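Structure first, then comments.
This one's a predicted model, so the numbers in the text were calculated from it and none came from an experiment. In this chain, residues are counted from 1 in sequence order.
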Amino acid sequence: MPKLKTHSGAAKRFKKTGSGKFKRGHSKMRHILTSKATKTKRKLGLSSLIADADHKAVARMIPYA
C-alpha cells in the first residue's frame with residue numbers, strides 16, 4: 001500500500017495531543033481587534049479541542065500525526 005499524503009492545510013491548523021485528540025486555534029484574531037473586548041481576545045488566543053464529530057475527518061487528513 002502506498003504512503004498517504006498529509007493534507008498540508010490541516011497540518012498547519014491542527015496538532016495532536018498526547019491523549020490522541022486534536023487541538024485547534026480560534027478564528028477572528030487577525031485584525032479589527034480594537035472593537036473586540038479584552039476578555040474576548042484573551043479567550044480567543046487560547047487553543048481548544050476539536051469536536052468529536054470532526055475527529056475522524058481530521059485524523060484522516062493527518063495520517064502520521
Which residues pass the side chain to side chain donor-acceptor pair (under 3.5 Å) test with Ser19, not counting sequence neighbours? Thr17
Any residue meeting side chain to side chain donor-acceptor pair (under 3.5 Å) with Ser48, in chain and number order, not counting sequence neighbours: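 If we apply the side chain to side chain donor-acceptor pair (under 3.5 Å) test to Ser48, skipping adjacent residues, the hits are Arg24.
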Can you name the residues that form a side chain to side chain contact (heavy atoms under 4.5 Å, CB included) with Lys56, not counting sequence neighbours?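 Lys56 satisfies side chain to side chain contact (heavy atoms under 4.5 Å, CB included) with no other residue.
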Contacts of type ring pair (Phe, Tyr, Trp, His ring centres under 6.0 Å), residue His55, not counting sequence neighbours: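 Result, ring pair (Phe, Tyr, Trp, His ring centres under 6.0 Å) vs His55: Phe22.
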Whether the side chain of Tyr64 engages the backbone of Lys5 through a donor-acceptor N/O pair (distance < 3.5 Å, no angle test) should be reported. no
Please report the closest heavy-atom contact between Ile62 and Ala10, naming both atoms and the distance.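 Smallest interatomic distance, heavy atoms only, reads CD1-O, 3.6 Å.
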If you look at every heavy atom in Pro63 and Arg60, which pair is closest and at what distance? CD-O, 3.8 Å
Once rounded to the nearest 0.5 Å, what's the spacing between atom CZ of Phe14 and atom CG of Asp54?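 Nearest 0.5 Å value for the CZ-CG distance: 7.5 Å.
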Which pairs count as side-chain hydrogen bond (donor to acceptor under 3.5 Å, both in side chains) when at least one residue sits in residues 25-37, sequence neighbours excluded? none
Apart from Met29 itself, what residues make up its hydrophobic cluster when side-chain heavy atoms of I, L, V, M, F, W and Y under 4.5 Å apart count as a link, directly or indirectly?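 For the cluster that includes Met29, the remaining residues are Leu33, Leu44.
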